[in-house]
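Below: the structure, in structure tokens.
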Amino acid sequence: MKNTFLCKNLNCDELIIVFGGFASHPSHFSHLKSEKNVVLFYDFENLDFKFDFKAFSKIKLIAFSMGVCLANYLLKEYDFDQKIAINGTNLGIDKEKGIHPTLFSKTMKKFNLENFKNSLFKNHKEKTKNFIFKDENTLKNELNMLFNFALKEQKDYFLTWDKIYSSNQDEIFPQNALKKSFENLIFLNEPHFAFFHFHSWDEF
């Protein structure tokens, strides 16, 4: 797992942690600004999580897609001032409360990056010309890591999220899985990648 600061302000002791989804990259979030510190965790070929929170007095968590599942397991011992989930569930892969395991397995075997981008961005795809993605084989390895993790690490403990966003045009993470997992969803008329709905990290 990698991390990089998307926004950095040495005079601010507030931090926003962003757990990206499958194939996320810092370039995908460059349009979002903040005067707070914002750090992105991404690239899930390994799931070693290391970060020192001591310098920050107020910490918000934003998790996207499979990042919701990862955060549920990796961050369960941390205290956050606010936790926000976007188009994902604590289980990640599940017959009812996530992406169905059979569908996820088929996606791994037949993964096509261009098809994935079309589903991920839909009518926003023109805005993504400068977005960086790893090659297909490397992304397949990441899918395999996420698949094994989600099915192996399912626990009885679940993070409680303060806000949950669900996209009405999501073709990747089934909206019904979120409806079965959470109450009080906030619906967005966006595709799975809902971040073009916002202009600042503070809007979430």
Side-chain angles (χ1 to χ4, degrees), residues 1-2 17-25 28 40-49 61-78 83-122 133-161 163-183 185-188 190-195:
M1 186 183 300
K2 296 177 182 175
I17 294 175
V18 182
F19 256 56
F22 162 68
S24 286
H25 184 272
H28 303 181
L40 172 70
F41 290 85
Y42 65 105
D43 196 342
F44 304 125
E45 285 187 77
N46 74 72
L47 300 176
D48 297 329
F49 177 78
L61 171 63
I62 299 174
F64 169 52
S65 190
M66 286 299 293
V68 177
C69 169
L70 292 172
N72 177 65
Y73 179 73
L74 296 172
L75 303 180
K76 60 180 180 286
E77 295 178 5
Y78 295 93
K83 298 185 290 294
I84 299 169
I86 304 170
N87 293 329
T89 63
N90 286 320
L91 290 175
I93 300 172
D94 184 76
K95 290 180 180 178
E96 290 192 349
K97 296 182 177 182
I99 300 172
H100 196 288
T102 303
L103 178 60
F104 201 100
S105 182
K106 285 181 181 176
T107 301
M108 284 194 297
K109 291 172 184 172
K110 299 181 179 180
F111 180 73
N112 178 279
L113 180 54
E114 284 308 309
N115 291 344
F116 173 70
K117 288 181 187 178
N118 290 335
S119 297
L120 184 64
F121 303 118
K122 290 178 72 70
F133 286 88
K134 294 185 293 186
D135 65 83
E136 278 190 8
N137 285 333
T138 307
L139 289 172
K140 283 181 181 178
N141 291 337
E142 187 172 325
L143 279 174
N144 188 59
M145 176 68 76
L146 291 169
F147 184 74
N148 292 331
F149 171 86
L151 294 183
K152 178 185 174 186
E153 299 296 349
Q154 290 182 1
K155 307 291 182 186
D156 294 330
Y157 174 84
F158 293 139
L159 286 181
T160 301
W161 300 88
K163 273 187 182 180
I164 304 105
Y165 290 100
S166 176
S167 288
N168 292 328
Q169 301 172 39
D170 199 330
E171 293 183 356
I172 291 175
F173 210 105
Q175 193 174 66
N176 277 340
L178 275 81
K179 290 178 178 178
K180 291 177 180 178
S181 300
F182 306 117
E183 297 178 0
L185 296 175
I186 301 168
F187 295 102
L188 303 174
E190 297 289 345
H192 185 63
F193 185 89
F195 292 88

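Position 1 is the first residue of the sequence, and the numbers go up from there. What you see is a predicted model; the values in this text were computed from it and never measured.
Between the CE atom of Met66 and the OG atom of Ser24 there is a distance of 12.0 Å, given to the nearest 0.5 Å.
Between Phe133 and His28, the angle of the ring planes lies from 30° to 60°, which puts this pair in the tilted group. Using cut-offs of 30° and 60° for the angle between ring planes, the Phe41 and Phe49 rings count as tilted.
Partner of Phe22 under the ring pair (Phe, Tyr, Trp, His ring centres under 6.0 Å) criterion, out of Phe111, Phe64, Tyr42: Phe111 alone.
Counting only distance, with no hydrogens or angles, the side chain of Glu136 and the backbone of Asn112 share no donor-acceptor pair below 3.5 Å. Checking side-chain atoms of Ser105 against main-chain N and O of Pro101 turns up no donor-acceptor pair under 3.5 Å. Looking at Asn148, its side chain does come within 3.5 Å of a backbone N or O of Asn144 through a donor-acceptor pair.
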Test side-chain hydrogen bond (donor to acceptor under 3.5 Å, both in side chains) on His192 and Ser119 and set out the steps.
CA-CA 7 Å; His192 185 63; Ser119 297; over 6 Å; no

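Of all heavy-atom pairs between Pro174 and Ile99, the closest is CD-CG1, 3.9 Å. Pairing each heavy atom of Ala150 with each of Cys69, the nearest pair is CB-SG, 4.0 Å. A pairwise comparison of heavy atoms in Glu45 and Thr138 identifies OE2-CG2, 3.2 Å as the closest pair. Of all non-hydrogen atoms in Ser166 and Leu185, the two that sit nearest each other are CB-CD1, 4.3 Å. Between Ala85 and Trp161, the closest heavy-atom pair is N-CE3, 3.6 Å. Across all non-hydrogen atoms, the minimal contact from Thr89 to Ala177 is CG2-O, 3.8 Å.
Taking the ring axis of Tyr73 as reference, the NZ or CZ atom of Lys76 stays within 45° of it and closer than 6.0 Å to the ring centre.
By the neighbour-count criterion of 12 heavy atoms within 6.0 Å, atom CD of Glu96 is sparsely surrounded, having that number or fewer from other residues, nucleotides or ligands.
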